[in-house]
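Reminder, nothing fancy here: chain letters follow the sequence lines and each chain counts from 1.
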Amino acid sequence: MFVISFLCAFVQDLLQDISDRDKKIQYLLQMGFPEDEAKMAIKRCGLDCSMSVLIDSIHASQSVGDEHEMKDKTSLERQKAKLMEDPKKRRKLYGGGAQGNPLVLDCSHEDPMRPPNPMVGFNLPSDPFRSAKRRIAIHATGPPFIYFEDMTRAPKGVWDTISRFLDDIKPELVESKFFSASTGKRGYLHNLPTDGRYPLPLSPKTIFDAFPQYEKWWPLWDPRLQLNCSRTGMVSPKHVKRISRTLAEDPGNPPAASVQKYVLGECRKWNLVWVGKNRVAPLEPDEMELLLGYPKHHTRGACTTERYKSLRNAFQVDTVAYHLSVLKKMYPNGLNVLSLFSGIGGAEVALHRLGVRMDTVVSVESSVVNRRILKSWWNETQTGRLIEIDSVKSLTDDRIRSLLRELGGFQLVIGGSPCNNLTGSNRRHRDGLEGEHSVLFDDYARIVCSVKLAMETM
DNA sequence: ACGACTATGATCGGATTG
DNA sequence: CAATCCGATCATAGTCGT
């Protein structure tokens with residue numbers, strides 16, 4: 001222990017006032033890479049490239065080494081390794097079928113991106129005791145607890161990289177339809193315990209729980225029970241009218257199969273609800289707030305387009321709250337939260353709805369609209385302190401250290417970095433973690449690293 | 001009238017998965 | 001094979017100031 005804290009102090013000293021190159025090497029060392037490989041990677045990739053490129057580069061060179069090692073393995077292991085190369089056989093080997101999917105995550109061999117089917121995460125409120133077992137390295141346990149969110153279906157390798165940045169923890173892959181009337185597949189990478197979770201009460205689970213007034217207009221041939229709040233492109237009123245007109249012009253009841261298919265496709269695509277006979281309409285911002293677990297009018301004040309924009313990037317509160325619920329017993333007197341990419345404050349709303357007291361929240365959010373939304377919600381509901389910062393870039397090591405001195409520590413570091421360059425719906429710049437926006441993940445990792453380091457040496 | 005700026009509508013693939 | 005997806009670009013029509 002003494003050696004570890006001595007090393008940390010040593011590393012911390014080094015982090016102050018040293019060049020970019022040294023800083024990058026230090027981070028790589030902190031992550032457990034040998035120094036010579038770290039230096040070699042910087043030499044190969046250049047100094048200007050991001051941390052994720054460096055890490056990929058090291059792993060690429062390491063995996064070449066692994067293949068050589070393979071020759072020394074037993075024939076059984078070789079056979080297994082060969083099986084793993086074939087996705088179909090691999091699935092069989094690990095029983096990835098719809099039923100009887102074993103909820104066991106052996107992190108040493110698990111491919112982090114094979115989602116459970118159904119995508120229930122480690123456990124569900126309906127069966128909280130049937131929990132996936134997982135191992136987290138000693139140095140990765142909290143506090144600080146970390147909680148990172150992003151979309152599940154990022155390009156290949158992205159989640160592996162994210163895991164490597166964050167202590168090799170595997171993400172919990174969850175579809176929010178198990179928690180609310182909205183669907184959405186997300187990965188939540190965290191080091192929170194998974195026993196003793198409990199859900200928020202009273203969240204609507206179907207469209208008709210949430211909006212009973214629409215049930216009478218809902219045609220039998222529209223089987224949707226839940227909505228997808230993530231789709232953002234606004235539907236033009238013209239297009240909505242076109243859909244309604246197509247329907248009205250069909251004499252049949254129910255309408256012809258081709259009309260049904262077209263209308264249903266559009267409804268799914270644009271997340272439309274039935275507001276009248278043959279009449280569909282997009283969700284109002286208020287309705288999205290309800291589905292995502294926010295108080296009504298949470299985003300009021302911003303103009304409509306801004307509200308949609310903010311809501312589409314927001315946490316599904318019920319899902320996040322289920323994971324965070326374990327904090328309530330751990331910190332009955334409150335905790336300090338570092339909230340990165342806070343958006344409209346999904347994490348804060350989740351903690352509040354759980355009844356977890358927040359002494360201080362340091363919130364980093366670049367959008368002025370979102371900052372205003374969070375601030376006004378905070379002033380209405382909270383007694384603790386809110387410190388707002390406009391950019392992750394300005395949260396330097398020094399600033400983190402001074403905040404920690406003032407607050408005594410962060411018990412939770414939570415956030416979801418931009419997915420613009422990860423999502424399949426981005427046709428032009430699906431550049432992965434290197435993308436213009438998604439590269440901000442580097443700052444999440446940097447800040448987590450810095451907070452842990454500083455707290456270890458406090 | 002003019003330019004700068006903002007909001008809107010139409011249009012655009014592709015990797016991944018079951 | 002079909003279904004999925006936390007988006008971006010471009011042209012064009014408004015809006016605001018001078």
With respect to the side chain of [X], which nucleotide from [options] is positioned closest?
X	options	value
A:Arg242	C:dT4, B:dA10, C:dG7	B:dA10
A:Pro237	B:dG13, B:dG9, C:dC6	B:dG9
A:Asp150	B:dG9, C:dG7, C:dC6	C:dC6

Kindly say if [X] contacts the phosphate of [N], meaning a side-chain N or O under 4.0 Å from OP1 or OP2.
X	N	value
A:Asn421	C:dG7	no
A:His437	C:dC6	no
A:Asn420	C:dC6	no
A:Ser425	C:dT4	no
A:Arg186	C:dC6	yes

Does C:dC6 have a Watson-Crick or wobble mate here (both distances under 3.5 Å), and if so which one? none
Across all strands, who's sitting opposite B:dG13 as a Watson-Crick or G-U wobble pair, both distances under 3.5 Å? none
Using atom NZ of A:Lys309 as one end and atom C1' of B:dT8 as the other, report the distance to the nearest whole Å. 15 Å
Interatomic distance where NE2 belongs to A:His429 and C1' belongs to C:dG7 [whole Å]: 10 Å
Are A:Arg197 and A:Asp195 close enough for a salt bridge, meaning some N to O gap below 4.0 Å? no
Check the side chains of [Y] and [X] for a donor-acceptor pair under 3.5 angstrom, ignoring hydrogens and angles.
X	Y	value
A:Lys452	A:Ser450	no
A:Glu175	A:Thr183	no
A:Asp286	A:Tyr294	no

Taking the nucleotide of DNA chain B with the closest heavy atom to each, which residue, A:Thr305 or A:Lys156, is nearer the 5' end? A:Thr305
Contacts of A:Gly424 and A:Glu306 projected onto DNA chain B by closest heavy atom; the upstream (5') one is A:Glu306
State whether the distance check finds a donor on one side and an acceptor on the other, under 3.5 Å, for side chain A:Arg153 versus base B:dT16. yes
Is A:Glu149 touching bases, backbone alone, or none of the nucleic acid, heavy atoms closer than 4.0 Å? base
Describe the nucleic acid contact of A:His239 in one word from base, sugar-phosphate, nothing, applying a heavy-atom distance below 4.0 Å. nothing
Looking at A:Arg357, I'd like to know if its CZ atom is crowded, meaning that more than 12 non-hydrogen atoms belonging to other residues, nucleotides or ligands lie closer than 6.0 Å. yes
P-based separation of B:dG13 from C:dA11 [nearest Å]: 16 Å
